[in-house]
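Inspection log for the structure reproduced underneath, given as structure tokens.
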Amino acid sequence: MTAQTMQIGNRPCRIYGEAHAEYLLLQMTGEHELQSMDHEVAAIAQGAAHPFLFAAIPVESWNDALSPWEAPAVWGKESFGGNAGDTLRFLTEQVIPSLKQQFNLPENVKIILGGYSLAGLFALWASTQTDLFYDVAASPSVWFPDWMEFEQQRPIQTQHIYLSLGDKEEHTKNAVMAVVGDNIRTLHSQLIARCRLHL
């Protein structure tokens with residue numbers, strides 16, 4: 001599957017897939033991910049049962065653009081700027097309408113938001129703000145300060161959630177990040193309990 005570049009706003013987005021797709025996959029990406037993007041999309045294509053369009057949307061300041069609120073630095077000196085609201089507006093007001101128009105996507109195209117690390121947290125947070133996303137696939141930074149309390153007050157609204165946890169994250173010496181394993185298991189249990197309530 002070959003990539004093409006499409007300028008949306010001031011960002012060169014990397015697009016894979018075809019027009020009239022049933023699924024639109026969106027992933028916020030940093031420069032560090034673009035090298036492996038072809039392989040990632042090839043793996044998705046191998047397992048996909050339906051035609052999809054995949055858009056990799058570049059993020060310049062990872063800590064600022066993907067964090068839902070301001071927070072102090074956890075490692076190094078770079079704090080978190082809390083600009084996820086601007087990023088979500090960019091997705092809903094520019095990226096999704098541009099892709100729907102350019103690729104003749106159906107009005108009811110199923111939109112899946114994915115990502116790992118802060119992009120995964122952004123995907124979860126975005127799905128607490130809107131019911132636009134059909135699915136979220138994330139390996140999220142659920143260690144982020146106050147995230148667990150926030151999600152209890154503003155529950156995730158998506159239909160389906162795929163959560164993953166790397167095997168190194170919860171074994172870090174960084175005390176803030178080390179809670180990621182417990183938090184993701186707690187979040188998983190809460191989501192399952194909520195599903196049972198709605199059955």
Side-chain angles (χ1 to χ4, degrees), residues 1-38 40-41 44-45 48 50-71 78 80-141 144 147 150-151 154 156-162:
M1 195 175 271
T2 359
Q4 57 180 294
T5 302
M6 178 180 169
Q7 194 76 14
I8 303 178
N10 61 352
R11 302 189 205 195
C13 300
R14 197 185 284 190
I15 314 294
Y16 300 80
E18 50 202 270
H20 311 291
E22 291 175 49
Y23 289 84
L24 171 59
L25 283 60
L26 303 173
Q27 183 171 325
M28 309 312 290
T29 55
E31 192 64 39
H32 57 285
E33 292 176 277
L34 292 176
Q35 296 167 350
S36 60
M37 196 58 65
D38 291 354
E40 182 181 326
V41 175
I44 294 170
H50 302 278
F52 68 88
L53 188 75
F54 181 102
I57 300 119
V59 174
E60 273 187 32
S61 177
W62 189 258
N63 281 12
D64 291 340
L66 299 173
S67 53
W69 45 82
E70 292 182 10
E78 197 181 344
F80 299 90
N83 296 329
D86 295 339
T87 304
L88 180 57
R89 266 187 300 283
F90 177 68
L91 277 185
T92 57
E93 294 173 12
Q94 293 186 56
V95 173
I96 294 169
S98 298
L99 293 172
K100 278 185 171 182
Q101 183 179 17
Q102 182 75 25
F103 293 94
N104 293 314
L105 299 178
E107 194 48 46
N108 63 343
V109 64
K110 293 180 173 79
I111 303 170
I112 298 173
L113 184 58
Y116 79 90
S117 187
L118 267 183
L121 180 77
F122 170 77
L124 291 181
W125 173 83
S127 68
T128 69
Q129 305 298 299
T130 176
D131 60 1
L132 179 66
F133 304 109
Y134 175 76
D135 198 349
V136 164
S139 182
S141 296
F144 196 77
W147 163 255
F150 174 83
E151 197 281 333
R154 295 285 300 268
I156 293 166
Q157 300 178 51
T158 186
Q159 298 291 310
H160 309 93
I161 300 171
Y162 172 83

Quiz item: Between H160 and I112, is any pair of side-chain heavy atoms under 4.5 Å apart?
Solution: no

Quiz item: Nearest 0.5 Å, what's the CG-OG1 distance between L26 and T29?
Solution: 11.0 Å

Determine all donor-acceptor pairs shorter than 3.5 Å in which one atom belongs to a side chain in residues 95-109; sequence neighbours excluded.
unit_1	atom_1	unit_2	atom_2	d
S98	OG	Q94	O	2.7
K100	NZ	E107	O	3.2
K100	NZ	E107	OE2	3.2

Exercise. Say whether Q157 and Q129, considering side chains only, have a donor N or O and an acceptor N or O under 3.5 Å apart.
Key: no

Quiz item: Under a 4.5 Å cut-off applied to non-hydrogen side-chain atoms, are E33 and Y116 in contact?
Solution: yes

Self-check item: Exam field: side chain S117 to backbone A119, donor-acceptor pair closer than 3.5 Å
Solution: no

Practice problem: State which residues pass side chain to side chain donor-acceptor pair (under 3.5 Å) with E70; sequence neighbours excluded, sorted by chain then number. | Solution: none

Exercise. Could I get the full list of side-chain contact (heavy atoms from CB on, under 4.5 Å) partners for A48, not counting sequence neighbours?
Key: F52

Quiz prompt | Euclidean distance, I156 CD1 relative to D131 CG, rounded to 0.5 Å | solution = 13.5 Å

Self-check item: Spatial distance of atom CG (L53) from atom CG (L24) [nearest 0.5 Å]
Solution: 6.0 Å

Could you list the donor-acceptor pairs under 3.5 angstrom formed between side-chain atoms of residues 54-65 and any protein atom two or more places apart in sequence or on another chain?
unit_1	atom_1	unit_2	atom_2	d
S61	OG	D64	OD2	3.1
N63	ND2	E78	O	3.4
D64	OD1	G81	N	2.9

Quiz item: Do the rings of Y134 and Y23 sit parallel, tilted or perpendicular, given the 30° and 60° boundaries?
Solution: perpendicular

Quiz item: Would one find more than 12 heavy atoms of other residues, nucleotides or ligands at under 6.0 Å from atom CD of Q35?
Solution: no

Quiz item: Which residues satisfy the side chain to side chain donor-acceptor pair (under 3.5 Å) test with D86, sequence neighbours excluded?
Solution: R89

Practice problem: Determine, using ring centers only, whether W69 and F80 are less than 6.0 Å apart. | Solution: no

Quiz item: Who passes salt bridge (Lys or Arg N to Asp or Glu O under 4.0 Å) against D38, sequence neighbours left out?
Solution: R14

Quiz prompt | Pairwise side-chain contact, I15 with T5, heavy-atom cut-off 4.5 Å (strictly under) | solution = no

Quiz item: Which distance, rounded to the nearest 0.5 Å, do you find between the CH2 of W125 and the CG of L113?
Solution: 10.5 Å

Exercise. Go through I44 and Y16 one step at a time and tell me if the side chain to side chain contact (heavy atoms under 4.5 Å, CB included) criterion holds.
Key: CA-CA 11 Å; I44 294 170; Y16 300 80; over 6 Å; no

Quiz item: Can you check whether P68 reaches F122 side chain to side chain, under 4.5 Å on heavy atoms?
Solution: no

Exercise. Test side chain to side chain contact (heavy atoms under 4.5 Å, CB included) on F150 and T128 and set out the steps.
Key: CA-CA 9 Å; F150 174 83; T128 69; 3.5 Å; yes

Practice problem: Give, for atom CG of L118 and atom CG of L66, the distance between the pair rounded to the nearest 0.5 Å. | Solution: 6.0 Å

Quiz item: Rounded to the nearest 0.5 Å, how far does SG of C13 lie from CD of Q4?
Solution: 11.0 Å

Quiz item: Does the T158 side chain pair with the main chain of D135, one donor and one acceptor, at a distance under 3.5 Å?
Solution: yes

